[in-house]
Amino acid sequence: MLNRRTLIAAAGVALSCLAAIPAAAQETIKIGLILPMTGPFASTGRQVSAGAKTFMAMKGDTVAGKKIELVIRDDAGTADQTRRIAQELVVNDSAKVLAGFGLTPLAMAVAPVATQAKIPSVVMAAGTASITKASEYITRTSGTLPQYSLPVGTWAAANKIKKVVTLVSDYGPGIDAEKWFTKEFKAKGGEIVEAVRVPLANPDFAPFLQRVRDAKPDAVFVFLPSGAGSLFMKQFADRGLADAGIKLIATGDVTDDDILNSMGKPAIGTITGHFYATAHDSPENKAYVAAFKKANADMRPNFMSVGGFDGMALIYAALEKTKGDVTGPAFMAAVKGLSWTSPRGPVSIDPETRDIIQNIYIREVKDVNGELQNVEFQTFKDLKDPEKADAK
Ligand code: PHB
């Protein structure tokens, strides 16, 4: 029979269960991952989200006693959607961290939301140097175009290349790439014979490649956003630039590992600078590539995926440091100076700029056992973003 005491005890248990429900619900930290999952830059969204999920598959979904939940939203690559989704994620879904951002204008659109709501925002893909200056709540695990372009300038000047035409997408990262390749190449004695800028949307490279051919340089230096390299490579071959003896040098965005294998022979011999190659030889990368392929048998992880993987590594490490405190100021203080071993090599977060310090590798496209790979052969160690180092 139930007596008064057991009833009171039972009620107590029920109440403590009730009280435990909201407490347990609070233990979940939602991370809003905003990416172009459709449209011309869908490969970026696919890679970054696969990289982020691979991190969670390898390390689990709990950190500092909190459960981590990824909420993935598609902005289709348009900035007003990115901003609207960011606001919705913060206000309606109580997301505590925003992340992703496939292109510079999309990252820029979120900066005012990050500042106003004090929401940590992790740029996993976009690469214009100025992005981290747009809000003190922004940090980055991709890198900057000045970081990838300067070493290509150093390499070109040291390798008998005297005259170069630059060809870049006409927006933030392209302008950064053009500026920093040119600055370094000229400082080391090189000459820029022409600077060509191509539209970001639906580019037809043929008329621009004709201009490059007519200028008769030793090499053309190229930046195009990830995904655009296939069409470029085809038109580069069709227009006979390689046959005319013009060498292709580029940032690794052009020979992105996701699409490199489908580019075929014309890509072989291309020299690029970037932070990650699927073929990077390290135990951390072997484990990463294996875990990535387990969940995505039809894909090869490219640098975008590693931006996603390391974005999650940064979030987990910051939460460990704050013991689960995800409020903006505490989280951002924890981000500064973090360091870890990434599949790309050693990385850290510059405490002054919140940008990533990392190795940049010079690579050559080679056929390795029937697969095209970016094969690393020279390392520029622990590079900071040169744009901000220069401003000081
Ligand atoms: C950018 O818009 O910042 C961007 C996009 C794709 C890249 C690099 C940079 O591969």
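For ligands, and for the atoms within them, numbers begin at 1 and follow the listed sequence.
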Practice item. Compute whether any side-chain donor of one residue and acceptor of the other, for T255 and N374, lie under 3.5 angstrom apart. Key: yes
Practice item. Within a distance under 4.0 Å of any heavy atom of T104, pick out the atoms of ligand 1 and give their elements. Key: 1 (C), 2 (O), 3 (O)
Point to revise | Test: D218 and K160 ion pair at under 4.0 Å | key: no
Point to revise | F223 contact mode with ligand 1 (heavy-atom cut-off under 4.0 Å) | key: side chain
Exercise for review: Show which atoms of ligand 1 fall inside a sub-4.0 Å distance from at least one heavy-atom site of M304.
Suggested key: 6 (C), 7 (C), 10 (O)
**Study point:** Numbered atoms and elements of ligand 1 in range of S226, under 4.0 angstrom, heavy atoms
**Key:** 6 (C), 7 (C), 10 (O)
Review point. Are the ring centres of Y288 and F309 closer than 6.0 Å?
Key: yes
Practice item. Anything under 30° is parallel, anything over 60° is perpendicular, the rest tilted; go ahead and classify Y148 against H274. Key: tilted
**Study point:** Distance filter under 4.0 Å to G127 heavy atoms, resulting ligand 1 atoms
**Key:** 1 (C), 3 (O), 9 (C)
Check your understanding: Of all the heavy atoms in F303, does at least one lie under 4.0 Å from an atom in ligand 1?
Key -> yes
Review point. Could D257 and R300 be called an ion pair, given the rule that one side-chain N must be under 4.0 Å from one carboxylate O?
Key: yes
**Study point:** Salt bridge present between K384 and D355 (N-O < 4.0 angstrom)
**Key:** no
Practice item. Could you list which atoms of ligand 1 come closer than 4.0 Å to a heavy atom of D253? Key: 7 (C), 8 (C), 10 (O)
Exercise for review: Please could you name the atoms of ligand 1 that G102 approaches to less than 4.0 Å, counting only its heavy atoms?
Suggested key: 5 (C)
Point to revise | ligand 1 atoms in contact with A126 (distance to a heavy atom under 4.0 Å) | key: 1 (C), 3 (O)
Exercise for review: Measure from the ring center of F221 to the ring center of F185 and say whether it is less than 6.0 Å.
Suggested key: no
Check your understanding: What residue and heavy atom of the protein are closest to atom 6 (C) of ligand 1, and at what distance?
Key -> P225 CB, 3.5 Å
Check your understanding: Can you find a side-chain donor-acceptor pair between D310 and S342 that sits under 3.5 Å?
Key -> yes
Point to revise | Element-labelled atoms of ligand 1 that are located less than 4.0 Å from some non-hydrogen atom of Y171 | key: 1 (C), 2 (O), 4 (C), 5 (C)
Study note, to complete from the structure: Going by the 4.0 angstrom heavy-atom rule, the piece of F101 near ligand 1 is neither
